[in-house]
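Being a predicted model, the structure only gives us computed values, none of them experimental. Counting convention: from 1, in listed order, for ligands and their atoms alike.
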Amino acid sequence: KYRLYDGVSSLLTRCRTFKVLVIGDSGVGKTCLTHRLSAGEFPCRAEATIGVDFRERVLEIDGEKIKLQLWDTAGQERFRKSMVQHYYRNVHAVLFIYDVTCPASFIGLTSWIEECRQHCLGQDIPRFLVGNKSDLRDTSRTNSQVTQERATGFAKAHGMMFFETSAKDPPKKCTSGRRGEGQVGSFKLVNKKAEKEAASCC
Ligand SMILES: Nc1nc2c(ncn2[C@@H]2O[C@H](COP(=O)(O)OP(=O)(O)OP(=O)(O)O)[C@@H](O)[C@H]2O)c(=O)[nH]1
């Protein structure tokens with residue numbers, strides 16, 4: 001039986017939900033990143049996503065509880081198929097993920113941008129470029145990796161905020177607790193202009 005108490009308590013616990021779409025080539029680490037964001041740890045094993053997996057993270061921003069609903073989508077075409085149109089419905093933000101040690105996954109971003117265009121994703125929807133696996137970055141082998149300069153230029157050209165991170169070994173959190181100082185949670189902001197924008201939006 002539905003009681004008044006249940007109604008009031010569900011009203012009190014309800015919070016605004018934001019749908020965040022996570023896209024990128026297969027193997028770039030979408031599952032591991034969303035797992036890190038929701039559970040705070042690197043999963044002990046990750047299998048190829050089929051269709052979509054959902055994870056959640058509740059944040060408190062300026063005293064208000066906000067729920068991020070992370071849509072971890074399959075990078076492999078054969079596991080996406082007819083579901084794609086559902087991914088793009090009522091999206092609040094998109095994370096474009098690539099692997100910093102895999103230039104092909106960076107080049108592949110153009111087809112993910114094209115997919116967004118085909119599904120009429122509005123230009124007003126915030127887009128974030130995320131270079132994952134920074135723990136594997138080898139500074140002596142810049143040719144076989146995606147440099148931060150290259151990614152910064154790409155992000156600027158496509159109106160995205162750019163972060164580099166590692167689901168496995170994330171950069172240390174900002175200790176001062178203030179925003180816009182180069183890090184947002186365990187994501188490291190690379191673009192200075194974006195840094196200012198982040199200070200005003202999160
Ligand atoms: N070293 C390192 N390995 C990572 C990191 N993130 C993911 N991996 C590894 O990369 C592989 C692929 O990770 P997934 O999270 O399954 O990749 P995905 O993008 O979800 O792949 P699909 O589901 O096929 O689209 C796994 O072996 C992970 O352990 C990271 O930050 N650092």
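- Heavy atoms of Asn132 found under 4.0 angstrom from ligand 1 belong exclusively to the side chain.
- Between Glu114 and Arg117 there is a salt bridge, since a side-chain N of the basic residue sits under 4.0 Å from a carboxylate O of the acidic one.
- Residue contacts with ligand 1 leave out Phe79, since none of its heavy atoms falls under 4.0 Å from the ligand.
- With hydrogens and angles left out, the side-chain atoms of Arg57 and Ser38 include no donor and acceptor closer than 3.5 Å.
- Ligand 1 has no N or O atom lying under 3.5 Å from any N or O atom of Gln76, backbone or side chain.
- Of the protein's non-hydrogen atoms, the one nearest atom 13 (O) of ligand 1 is Gly29 CA, 3.7 Å.
- Proximity to Ala48 (heavy-atom distance under 4.0 Å) selects the following atoms of ligand 1: 23 (O), 24 (O).
- What sits closest to atom 24 (O) of ligand 1 on the protein, heavy atoms only, is Ser26 OG, 2.6 Å.
- For atom 29 (O) of ligand 1, the closest non-hydrogen atom of the protein is Phe42 CZ, 3.4 Å.
- Applying the 4.0 Å criterion to heavy atoms of Ala46 picks out, from ligand 1, the atoms 16 (O).
- Distances between N or O atoms of Ser166 and those of ligand 1 include at least one value under 3.5 Å.
- Polar contact check, Gly24 against ligand 1: no nitrogen or oxygen pair lies under 3.5 Å apart.
- Near Cys32, the atoms of ligand 1 lying under 4.0 angstrom from a non-hydrogen atom of the residue are 6 (N), 7 (C), 13 (O), 15 (O), 28 (C).
- With ligand atoms numbered from 1 in the order given, ligand 1 contributes 15 (O), 17 (O), 18 (P), 19 (O), 20 (O), 21 (O), 22 (P), 25 (O) to contacts under 4.0 Å with heavy atoms of Lys30.
- Remark: the backbone N or O of Arg150 is paired with a side-chain donor or acceptor of Thr147 at under 3.5 angstrom.
- Ring centroids of Phe106 and Phe154 are separated by less than 6.0 Å, placing the two rings close together.
- Among protein heavy atoms, the minimum distance from atom 3 (N) of ligand 1 is reached at Lys133 CD, 4.0 Å.
- Remark: Glu164 does not engage Lys133 in a salt bridge, criterion side-chain N to carboxylate O under 4.0 Å.
- Between the side chain of Asn132 and the main chain of Val28, a donor-acceptor pair closer than 3.5 Å is present.
- Of all the heavy atoms of Leu136, the ones lying under 4.0 Å from any atom of ligand 1 belong exclusively to the side chain.
- A donor-acceptor pair is defined here as one N or O able to donate and one able to accept, closer than 3.5 Å; such a pair exists between the side chain of Arg36 and the backbone of Gly40.
- The closest approach between Asp25 and ligand 1 falls below 4.0 Å for a heavy atom of the residue.
- Residue contacts with ligand 1, taken as heavy atom pairs separated by less than 4.0 Å, involve Asp135 solely via side-chain atoms from C-beta onward.
- Where the criterion is an N or O separation shorter than 3.5 Å, residue side chain and backbone included, Gly75 meets it with respect to ligand 1.
- The ligand atoms of ligand 1 that sit less than 4.0 angstrom from a heavy atom of Thr49 are 22 (P), 23 (O).
- Heavy-atom proximity to Gly27, at under 4.0 Å, picks out these atoms of ligand 1: 10 (O), 12 (C), 17 (O), 18 (P), 19 (O), 21 (O), 22 (P), 24 (O).
- Annotation: side chain of Ser26 is not in contact with side chain of Phe79 (no heavy-atom distance under 4.5 Å).
- In this pair, Tyr87 and Trp71 present their aromatic rings perpendicular. The plane angle is above 60°, beyond the 30 to 60° band.
- Within the 3.5 Å criterion, the main-chain N or O of Leu136 finds no donor-acceptor partner in the side chain of Thr101.
- By the neighbour-count criterion of 12 heavy atoms within 6.0 Å, atom CG of Asn90 is sparsely surrounded, having that number or fewer from other residues, nucleotides or ligands.
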